[in-house]
Amino acid sequence: MWPSFEPAPPADERDARFDAAAAGFAAPLARLAAAFEDESAPRAALLDDIHVALWRSLANYDGRIALRTWVFRVAFHLVAAQQPNTHDRPPYQDTAVQAWKRRRVLKSQRTLDEATAPGVSTTGASVTGFIQGLQPQDRELVFLCLEGIDIEGARDITGWTAARLESAYERISKLLGPGAREEWQRQFADASRGSRFQVRQRMQELNTRWKREGLRELVFVPVVSSLMALYVLGMHRRNWLAMLAIALLAFIVFIEAFQRRRRRLEAPGPHVTAGLDSLAFQRHLLEQKRDELRGTRTWKECAFLGAWLAYMLSFPLGRGTAWTWPLAGVAAGVVFFGLSWWWNRQGAALLRRQMDSVTD
């Protein structure tokens with residue numbers, strides 16, 4: 001049974017809340033999508049995804065926090081979970097040019113302290129460009145400031161302390177000038193509200209994509225790897241060491257496919273984590289990535305390295321060939337997996353430092 005994107009059957013109360021939120025926050029959510037995505041098609045997909053996450057989250061809304069705080073938390077969590085924008089093309093489907101472009105854009109982003117004023121005339125478009133040049137957390141602060149959210153409201157949404165927010169708001173006012181807020185809020189002032197019909201359309205599209213990707217993970221990859229393993233086993237049917245190595249490689253592929261699916265099923269979405277402020281949610285994402293780099297890959301890398309070593313050694317041991325090129329293959333495997341292990345550990349340490357910085 002495929003997982004449903006809808007956590008519970010539609011309820012009249014949730015529908016009424018969604019209609020009110022979609023109408024009351026139509027313009028701010030449209031401006032938020034523009035602040036985080038500069039291309040029209042991905043921007044529309046981002047806005048649709050925000051409405052989907054908002055509709056799903058309202059099944060858990062109990063009124064203990066303001067609706068405005070809830071709406072902006074859900075929107076910011078969705079953006080953080082999908083940064084950079086991957087609404088219609090996951091990062092692993094990028095071409096080399098697209099991946100390089102993503103990397104260049106990320107490296108060019110500045111902090112609020114490093115940013116410079118957008119220009120002499122502060123128009124809505126220049127303010128949008130200014131926001132898009134900032135790092136994601138600073139984009140949130142500029143957006144909230146321009147939307148007229150006070151320090152107390154911004155603290156509930158983001159988790160930053162009042163002192164940090166006051167300093168950021170002063171910096172934003174100095175950079176953008178007194179008329180920036182009015183120019184910003186003129187944008188998308190007549191934005192159309194999200195509808196439950198659009199939400200269900202988007203959910204159906206996402207569910208179809210989920211099924212397609214799930215079939216690829218659970219059927220295509222294991223089946224293709226099994227066929228290749230059977231072919232190679234046929235070539236080495238008298239070499240027990242090679243057969244053992246190939247069977248281990250096929251087993252690792254199967255385990256990885258099922259684990260990828262399980263991680264996707266268990267990953268909490270913005271509708272589940274709306275009770276967290278932006279800083280807490282960002283820390284949650286970093287912890288997930290750190291744990292994956294630090295723990296879940298270690299045994300698979302060791303098993304894969306063992307299978308590779310066994311396969312290389314099967315040639316001189318099983319067939320009596322020369323030791324020269326198998327030993328070179330063994331050395332190359334050890335170096336490759338040693339560098340991979342070191343790189344993953346460095347990535348985990350970097351995430352640890354980023355987690356420490358996600359405080360105030």
Side-chain angles (χ1 to χ4, degrees), residues 1-37 42-82 85 87-88 140 143-144 146-150 152-159 184-210 265 267-278 280-281 284:
M1 178 67 68
W2 294 103
S4 174
F5 278 85
E6 182 178 340
D12 293 340
E13 186 177 356
R14 176 171 61 175
D15 289 343
R17 285 174 176 169
F18 175 78
D19 292 341
F25 295 94
L29 290 180
R31 289 191 288 266
L32 188 148
F36 283 90
E37 180 54 65
R43 183 189 305 163
L46 172 57
L47 190 56
D48 286 343
D49 287 350
I50 290 173
H51 284 125
V52 169
L54 178 59
W55 186 84
R56 295 177 69 199
S57 74
L58 289 172
N60 303 320
Y61 180 66
D62 56 9
R64 286 186 291 181
I65 62 175
L67 181 60
R68 181 184 67 180
T69 300
W70 185 276
V71 170
F72 286 138
R73 278 185 182 181
V74 169
F76 286 155
H77 291 1
L78 179 76
V79 171
Q82 300 187 353
N85 181 36
H87 308 289
D88 290 308
E140 293 180 6
F143 171 80
L144 293 173
L146 292 175
E147 289 294 329
I149 309 298
D150 59 18
E152 188 66 27
R155 186 173 65 174
D156 291 339
I157 295 169
T158 64
W184 169 258
Q185 293 186 9
R186 287 194 188 101
Q187 297 185 103
F188 304 102
D190 57 348
S192 58
R193 49 173 283 182
S195 69
R196 280 175 273 152
F197 175 74
Q198 290 175 313
V199 165
R200 285 174 172 79
Q201 272 194 321
R202 183 62 172 170
M203 288 171 66
Q204 198 170 33
E205 179 185 340
L206 293 173
N207 205 19
T208 301
R209 184 183 306 167
W210 180 285
L265 286 172
H271 67 285
V272 177
T273 56
L276 302 176
D277 57 50
S278 293
F281 183 74
H284 170 75

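All heavy atoms count here, side chains included; hydrogens, waters and symmetry mates do not.
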| From OG1 (T208) to CD (E205), nearest 0.5 Å | 8.0 Å

| task | Return the minimal non-hydrogen interatomic distance between R31 and E147, and the atom names on each side. | result | NE-OE2, 2.7 Å

| task | Kindly give the heavy-atom pair with the smallest separation between F18 and G194, and that separation in Å. | result | CE2-O, 4.0 Å

| message | Using modelled atom types and a 3.5 Å cut-off, is there a donor and acceptor pairing between side-chain atoms of T69 and backbone atoms of I65? | response | no

| query | Backbone N or O of A26 within a donor-acceptor pair of the R193 side chain at under 3.5 Å? | reply | no

| field | Beyond-backbone contact of L54 with D49, side-chain heavy atoms, under 4.5 angstrom | value | no

| request: Indicate yes or no for a side-chain donor-acceptor contact from R73 to the backbone of S278 under 3.5 Å, with no hydrogens or angles considered. | output: no

| query | Does R196 make a cation-pi contact with W55 (under 6.0 Å, within 45 degrees of the axis)? | reply | no

| query | Hey, are the side chains of V74 and I50 touching, using non-hydrogen atoms and a 4.5 Å cut-off? | reply | no

| request: Indicate yes or no for a side-chain donor-acceptor contact from Q185 to the backbone of L146 under 3.5 Å, with no hydrogens or angles considered. | output: yes

| said: Donor-acceptor check, side chain of Y61 to backbone of W70, threshold 3.5 angstrom: yes or no? | reply: no

| query | Ignoring hydrogens and geometry, is there a side-chain-to-backbone donor-acceptor pair from H77 to F72 under 3.5 Å? | reply | no

| request: Determine the minimum heavy-atom distance between A35 and W184, stating which atoms define it. | output: CB-CH2, 4.1 Å

| Are any non-hydrogen side-chain atoms of F188 and L47 less than 4.5 angstrom apart? | no

| query | Which pair of non-hydrogen atoms, one from E140 and one from T158, has the smallest distance, and what is that distance? | reply | OE1-CG2, 4.2 Å

| remark: For R68, the salt bridge (Lys or Arg N to Asp or Glu O under 4.0 Å) test, sequence neighbours excluded, returns none

| task | Could you give me the CA-CA distance, side-chain angles and deciding distance for L46 and L78, then say whether side chain to side chain contact (heavy atoms under 4.5 Å, CB included) is met? | result | CA-CA 9 Å; L46 172 57; L78 179 76; 4.2 Å; yes

| query | Between A75 and L29, what is the shortest heavy-atom contact and its length? | reply | CB-CD2, 4.2 Å

| field | Side chains of R202 and H51 in contact at under 4.5 Å (non-hydrogen atoms) | value | no

| query | Salt bridge between R155 and D277, side-chain N to carboxylate O under 4.0 Å? | reply | no

| query | Taking the side chain from Q198 and the backbone from S195, do they hold a donor-acceptor pair closer than 3.5 Å? | reply | yes

| message | Would F25 and L32 count as a side chain to side chain contact (heavy atoms under 4.5 Å, CB included) here? Give the steps. | response | CA-CA 10 Å; F25 295 94; L32 188 148; over 6 Å; no

| query | Are F76 and F143 close enough, and set up right, to give a side chain to side chain contact (heavy atoms under 4.5 Å, CB included), and what steps lead you there? | reply | CA-CA 11 Å; F76 286 155; F143 171 80; 3.7 Å; yes

